[in-house]
Amino acid sequence: MELTRFILALVFFLMMAVGSWGSPNHWREKRVREPCKKLVFYFHDIIYNGHNSKNATSAIVGTPAWGNRTILAGQNHFGDVVVFDDPITLDNNLHSPPVGRAQGFYIYDKKEIFTAWLGFSFVFNSTQHKGSINFAGADPLMNKTRDISVIGGTGDFFMTRGVATLSTDAFEGEVYFRLRADINLFECW
């Protein structure tokens with residue numbers, strides 16, 4: 001009798017599990033989650049070109065044999081390593097008050113296509129935000145928008161995770177560019 005009850009309970013449990021997990025689309029369904037926080041910032045990169053040391057916010061620190069440190073290399077800048085300390089603003093005006101700094105590096109990593117790999121942090125110390133948001137990922141520059149990973153943070157953004165969609169908002173030759181970062185955080189503490 002006890003064995004029969006046990007088997008019936010087991011069959012009932014399995015039927016419930018199959019009913020909720022056994023649908024053919026269960027494993028293919030995407031879970032759609034809403035971000036716990038959305039942010040938009042602009043960062044402004046002014047690369048040192050040999051004449052603008054007073055207002056440059058980035059510099060070439062590594063270059064291939066055929067390049068130099070004041071002009072980005074040919075062949076889609078392949079091999080150039082650039083470090084930056086760019087102002088972050090809430091709008092696209094370079095002269096707006098900065099709310100933080102974008103600090104890190106980018107490496108031009110492909111000869112055939114204009115692309116880079118980014119590793120950087122947004123470092124905040126304002127009345128609105130304190131702490132940092134850390135980013136890493138490929139940046140195929142010719143795409144209108146590119147997604148890179150939000151891999152962590154500190155302070156107000158402690159252990160945060162998400163996705164930042166980058167878009168080139170403006171550029172002036174190879175001296176200045178402005179990126180818009182639409183940040184969607186999915187893990188907020």
Validation: residues 147-154 side-chain donor-acceptor distances under 3.5 Å, sequence neighbours left out:
| unit_1 | atom_1 | unit_2 | atom_2 | d |
| --- | --- | --- | --- | --- |
| Asp147 | OD1 | Thr165 | OG1 | 2.7 |
| Thr154 | OG1 | Ser132 | N | 3.0 |
| Thr154 | OG1 | Ser132 | OG | 2.8 |

Among pairs that include at least one residue of [range], which meet salt bridge (charged side-chain N to carboxylate O under 4.0 Å, His left out), considering only residues two or more places apart or in two chains?
range            : result
residues 157-169 : Asp169-Arg178
residues 124-134 : none
residues 72-101  : Asp85-Arg101
residues 111-120 : none

**Study point:** Hydrophobic cluster (4.5 angstrom, side-chain heavy atoms) - remaining members for Phe78
**Key:**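 Via sub-4.5 Å side-chain contacts, Phe78 links to Trp66.
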
Check your understanding: So which residues get pulled into Ile107's cluster when ILVMFWY side chains under 4.5 Å apart are joined, directly or through others?
Key -> Val61, Val81, Val83, Phe105, Trp117

Point to revise | Pairs where residues 136-181 contributes a residue and the test disulfide bond (SG atoms under 2.5 Å apart) is met, not counting sequence neighbours | key: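 Sorted pair list comes back empty.
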
Point to revise | Summary of disulfide bond (SG atoms under 2.5 Å apart) pairs that have at least one residue in residues 89-127, sequence neighbours excluded | key: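 Those involving residues 89-127 do not exist here.
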
Only distances under 3.5 Å count here; give the side-chain donor-acceptor pairs of residues 136-145 to other protein atoms, sequence neighbours excluded, each with its distance to 0.1 Å.
| unit_1 | atom_1 | unit_2 | atom_2 | d |
| --- | --- | --- | --- | --- |
| Asp139 | OD1 | Arg146 | NE | 2.5 |
| Asp139 | OD1 | Arg146 | NH2 | 3.4 |

Output side-chain donor-acceptor pairs under 3.5 Å for residues 35-45, partner residues at least two apart or in another chain, one line each.
| unit_1 | atom_1 | unit_2 | atom_2 | d |
| --- | --- | --- | --- | --- |
| Tyr42 | OH | Arg180 | NH1 | 2.9 |
| His44 | ND1 | Tyr176 | OH | 2.8 |
| His44 | NE2 | Thr89 | OG1 | 2.9 |
| Asp45 | OD1 | Ser58 | OG | 3.3 |
| Asp45 | OD2 | Ser58 | OG | 3.1 |
| Asp45 | OD2 | Tyr106 | OH | 2.9 |

Practice item. Not counting sequence neighbours, which residues clear ring pair (Phe, Tyr, Trp, His ring centres under 6.0 Å) with Phe114? List them please. Key: His77, Tyr108

